[in-house]
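Sequence lines set the chain letters: A, B, ... in the order given, protein chains first and strands last, and positions in each chain run from 1. Here the structure is a predicted model, which means the values were calculated and not measured.
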Protein chains: 2
Amino acid sequence: MNLKELARLLNLSQTTVSRALNGYPEVNEATRQRVLQAVKATGYRPNKAAQRLATGKAGSIGLVMPTGTGDGTDLHFAEFLSGLGEIAETNDVQLVIDPSRVGNEAMAFQRLAASGTVDALCLSYVRASDPRIDTLKSLRLPFLVHGRHVGSAPDYPFMDIDNCGAFRDAARLLLQLGHRRIALLNGLADLSFAARRHEGMGEALAEYGIALEEGFCQHTGMTEENGYRGTMRFLDMDEAPTAILCSSIVLALGATRAINQRGLKIGRDISLIAHDDVFPYLKPENFSTPLTTTTSSIRAAGARVAERLIGEAAGRKGLPQQEIWKADLIVRASTGPVPTRKRRGTGRHDEAAE
Amino acid sequence: MNLKELARLLNLSQTTVSRALNGYPEVNEATRQRVLQAVKATGYRPNKAAQRLATGKAGSIGLVMPTGTGDGTDLHFAEFLSGLGEIAETNDVQLVIDPSRVGNEAMAFQRLAASGTVDALCLSYVRASDPRIDTLKSLRLPFLVHGRHVGSAPDYPFMDIDNCGAFRDAARLLLQLGHRRIALLNGLADLSFAARRHEGMGEALAEYGIALEEGFCQHTGMTEENGYRGTMRFLDMDEAPTAILCSSIVLALGATRAINQRGLKIGRDISLIAHDDVFPYLKPENFSTPLTTTTSSIRAAGARVAERLIGEAAGRKGLPQQEIWKADLIVRASTGPVPTRKRRGTGRHDEAAE
DNA sequence: CGATCTATTCAAAGCGCTTTGGAGGAGCGC
DNA sequence: GCGCTCCTCCAAAGCGCTTTGAATAGATCG
């Protein structure tokens, strides 16, 4: 069933039927109703490809899915996607995702853009320095970056959370609790959020005249395994940290395992703060010791990104170009004052820097 | 840059250029090279919408993403998607995902199908009894079901793993080790894989004359929290199970937490087997006690589904219509002989049935 | 009453691609 | 030289939709 048939069926021209369907004013209300009736009766659906061809609008937004990274990226991607999806659904917009091997995304973007399958593009998993942003800028499509590069001030639309502030606040809390040796289990170093969290933590330490030593930092894929290994390495140090910041709840999972295995008690012997992207299946409040977190729903971020992207594709103006959400610092039982009596290592010991 | 311009540029007709690009034989190899050169130089990409309209082929496969279920579904979906994506990428096929609120998927499928944006559809997260399959059958598009309904023999193409066999084998192993009180932490009861695993476990127990009691079964979303709670409930029983089967590694995570909290030792005091979908960020071998698992990569399944779907969309015949993969039972340290001396509860105690 | 609006409707021209049905020329056998 | 087949290439007809530019009819007006 296509427009032509439908029009013939109604003894109308395609023009009129098309207009009736798309809400143009120059069609009699009675005929519009007649058309709507017929649509319902026949189950007619406009062919999207034809619509695209005719209008140039695709009715979908594109995103590039990093495939097979194996670093726990997928976990966040799924949740982000879920948020995107919710908004996309209510706006009757489809998501077309172009899977692409890492390093090949620029091509994937070009393909998506040139093929005219999407009205707007979304970039996620931004690297600290990311050439894909330039690719995006060179395309003539609206786009939105989830995250932002590090260094210069971004001159493109983005939506990001205040990773720097989050980890600054988290580190401050620990410092206020008397911790001086604080370690960081971070995501891969070239990811922008990882760089920013590192930075924020460094800032807080600096306020106490402490330097963030690289020995106290791990940059890895955010898997349970890496969380475990990193924590073990920290705990094995002569001057082991009394607190650890984790860039992901999955890392915290591994950290918890390591700490438990050592017979230490989280919140008493060692403090733990993790960034929580709010996964429904793994909640920080359900850890054996409920986890203090910096919290920001990545799903909500996805929803917001979709909202803006759809708006922009529709030509709506006046949307904020750059947006940074603060993450909440939610204190639970995994943080406590620095242990006064030594349990392991040498106990309290200020590491003044500079 | 479009075909017409490109053709003019080359002093060729659109026909010839189109044919050169699509690998038709009736074009001189020399001119084909010339065309290819020009494409490279100009960065020409065929407009997908136009191609779709002309050929009726969309060059993409559609899947419906269940949105906002909050039951840990997303986790598996992401990994599955990742597998789909890998194959889709190499075949230059896009994935269009239609997010849809649960219960609304039938409409989403119809929308996808009628709009002509996809060549084939994939259904995942099959329920034990699933009306969406009928929807799919009524559409005139190739489709593939990941999973299969329970009850009658499926009369549609699917790809599934042998959930029944996997949990039968797993339960058998436990039975051989002397366990008689075995519990099940399952996914939501209306999901087909959950039903099948329940069934398989029941079969194994039946071989030993044991009935699978509902008190030993939990059907919930596969979150860490539910794993923990369920396990706690089991451990609190007078006749607590000596072994637990988990339908997901995330459930096992919660189970581990509960067991540890009780001061029990996995593999000695209580045995644990989980189904492992092979998530890169959470590996059973890295649990504090490495987990015995029934293993089948959901990513590989996604890849296979994509392969078949793409083949079918291309009209390739002779592909197997129904496919069931066996899951490997990989024994690690979380399973051991049933404890002989009682630690908790009443120790060994046969619960003969019937 | 002829002229000017206004409210509806329509025919036809694309959108950028594929594909059908030739056309022109080279090569061949007779 | 003629008819034939091959090999290349082309013009033009769609695919199903939107949209431009008119046409028609009824209403309004001087």
Ignoring backbone atoms, test whether [X] places a side-chain nitrogen or oxygen under 4.0 Å from the OP1 or OP2 oxygen of [N].
X        : N       : value
Tyr44(B) : dC17(C) : yes
Thr31(B) : dT8(D)  : no
Asn22(A) : dT18(D) : yes

[X] side chain, from C-beta outward: closest of [options]:
X        : options                   : result
Leu53(A) : dT18(C), dT9(C), dG16(D)  : dG16(D)
Leu12(B) : dC17(D), dC10(D), dT9(C)  : dC10(D)
Ala54(A) : dG21(C), dC15(D), dG16(D) : dG16(D)
Ser13(B) : dA11(D), dT18(C), dC17(D) : dA11(D)
Thr16(A) : dT9(C), dT20(C), dT19(C)  : dT9(C)

Please report the distance, rounded to the nearest Å, between [atom1] in [X] and [atom2] in [N].
X        : N       : atom1 : atom2 : value
Asn2(B)  : dT18(C) : CG    : P     : 12 Å
Arg52(B) : dC17(D) : CZ    : C1'   : 15 Å
Asn47(A) : dG14(D) : CG    : C1'   : 14 Å
Gln14(B) : dA13(D) : CD    : C1'   : 12 Å
Lys4(B)  : dT19(C) : NZ    : C1'   : 17 Å
Lys48(A) : dT18(D) : NZ    : P     : 11 Å
Leu3(B)  : dG16(C) : CG    : C1'   : 7 Å
Tyr24(B) : dC9(D)  : OH    : C1'   : 15 Å

Worksheet item: For the side-chain contact (heavy atoms from CB on, under 4.5 Å) test, which of Val17(A), Thr31(A), Thr16(A) pairs with Leu10(A)?
Response: Val17(A)

Discussion item. Could you report the tightest heavy-atom contact between Ala49(B) and Arg52(A), atom names first, then the distance?
Written reply: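 Of all heavy-atom pairs spanning Ala49(B) and Arg52(A), the closest is CB-CB, 3.5 Å.
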
Worksheet item: Is any N or O donor-acceptor pair between the side chain of Thr15(A) and the base of dT19(D) shorter than 3.5 Å?
Response: yes

Item to complete: Please determine if Asp155(A) and Lys137(A) form a salt bridge, counting it only when a charged side-chain N lies under 4.0 Å from a carboxylate O.
Response: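 A salt bridge links Asp155(A) with Lys137(A).
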
Worksheet item: For DNA chain C, whose closest nucleotide is more 5', that of Gln51(B) or that of Glu26(B)?
Response: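 Upstream on the strand: Gln51(B).
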
Discussion item. Would you call the rings of His76(A) and Phe279(A) parallel, tilted or perpendicular, taking 30° and 60° as the class edges?
Written reply: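 Perpendicular: the ring planes of His76(A) and Phe279(A) meet at over 60°.
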
Worksheet item: Rounded to the nearest 0.5 Å, how far does CZ of Arg299(B) lie from CG of Asp277(B)?
Response: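 Answer rounded to 0.5 Å: 12.0 Å.
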
Worksheet item: Reckon Arg19(B) touches a base, only the sugar-phosphate, or nothing at all at heavy-atom distances under 4.0 Å?
Response: base

